[in-house]
Colleague: 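First the structure, which I've put down as structure tokens, then a few questions once you've had a look.
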Amino acid sequence: METVTTIAAVHARVRGWRREGRRVAFVPTMGNLHAGHVSLIDAARRHGERFVASIFVNPMQFGPNEDFAHYPRTPREDARMLAEAGCSLMFIPEVGEIYPHGSERVTRVEVPGLSRILEGEFRPGHLEGVSTVVAKLFHIVEPDVAIFGAKDFQQLAVIRRMVADLCMAVEIVAAPTVRDSDGLAMSSRNQYLTAAERALAPQIYAALQAAERRLKAGDADFAGIGRSGLTALEAAGFRPDYFSVRDAAELAAPRPETRELVVLAAARLGRARLIDNVQVTRP
Ligand code: PAF
């Protein structure tokens with residue numbers, strides 16, 4: 001695996017592959033890789049012939065009181081894991097390479113509507129930071145296909161919409177959420193949990209599964225299911241931001257006849273903020 005830090009070096013390598021007719025698959029990450037990220041590289045291997053991963057903790061997607069400064073950075077371990085997973089090129093730029101004029105003054109990409117609900121309400125500007133950096137990374141890497149984890153369901157919806165609206169020639173592939181054996185979705189932020197919080201953390205998935213069971217049994221009281229989820233999380237010791245049943249396509253409030261649903265939850269537990277979701281096809 002080759003490691004590069006500049007946009008020029010990525011262009012040179014990827015354009016060489018393209019001249020050879022190779023299909024390029026891309027996995028954008030913020031590093032501190034775990035088995036969930038390795039599953040994204042595995043998916044990339046099924047969809048491409050050359051694999052690029054980026055490691056960039058994007059300041060633009062962190063709010064002023066969030067964990068940008070403390071976000072875990074483990075570049076050596078990340079490089080080892082990517083090489084073992086069969087990655088061809090690791091792009092690990094400095095902030096100045098991506099935002100030469102600063103992230104405050106950069107041209108922005110925003111998906112209105114989708115970016116302002118759910119995560120957008122509790123983390124204003126977060127999804128705008130994501131769509132902007134992903135648009136930049138797509139221009140830098142020029143991939144044929146890019147892989148994103150389904151755990152960040154709203155992020156995935158925003159990126160799909162951005163790609164469609166801006167006519168970007170990138171296929172977007174969703175990889176299933178990877179969970180620990182007790183059901184907790186893998187996330188770099190799980191390491192903020194104390195041992196006692198870690199034992200409680202799978203309750204977020206348990207609450208989502210309870211909602212899934214009700215929906216599959218034909219319950220269409222979406223608001224009631226949301227309230228029960230919030231109550232269950234509070235009772236377990238979380239400080240929930242939202243627990244909401246949405247239409248899986250638009251993330252809007254579902255109609256009684258909507259069949260493709262997603263239940264999304266975000267909740268704080270100690271220093272960690274956990275997000276998770278389940279997709280449900282109603283009978
Ligand atoms: O999901 C992430 O790790 C980040 O939001 C992403 C897509 C790499 C953009 O910084």
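In each ligand, atom 1 is the first atom listed, and ligand 1 is the first ligand listed.
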Colleague: Of all the atoms in ligand 1, which lie at a distance below 4.0 Å from a heavy atom belonging to Q61?
Modeller: 4 (C), 5 (O), 9 (C), 10 (O)

Colleague: If every non-hydrogen atom of E250 is compared with every non-hydrogen atom of L114, which pair is closest and at what distance?
Modeller: O-CD2, 3.4 Å

Colleague: Looking only at protein heavy atoms, which one is nearest to atom 3 (O) of ligand 1, and how far off is it?
Modeller: M30 CG, 3.7 Å

Colleague: Within 45 degrees of the ring normal and closer than 6.0 Å to the centroid, is that where the cationic atom of R273 sits relative to F62?
Modeller: no

Colleague: State, without any angle test, whether Y205 and D182 hold a side-chain donor-acceptor pair at a distance under 3.5 Å.
Modeller: no

Colleague: Which atoms of ligand 1 are found less than 4.0 Å from any heavy atom of V133?
Modeller: 9 (C), 10 (O)

Colleague: Charged N to carboxylate O under 4.0 angstrom, E197 versus R268?
Modeller: no

Colleague: For ligand 1, is there an N or O atom under 3.5 Å from any N or O atom of T29?
Modeller: no

Colleague: Determine the minimum heavy-atom distance between Q203 and L233, stating which atoms define it.
Modeller: O-CD2, 4.1 Å

Colleague: Can you check whether Q155 has an N/O within less than 3.5 Å of an N/O in ligand 1?
Modeller: yes

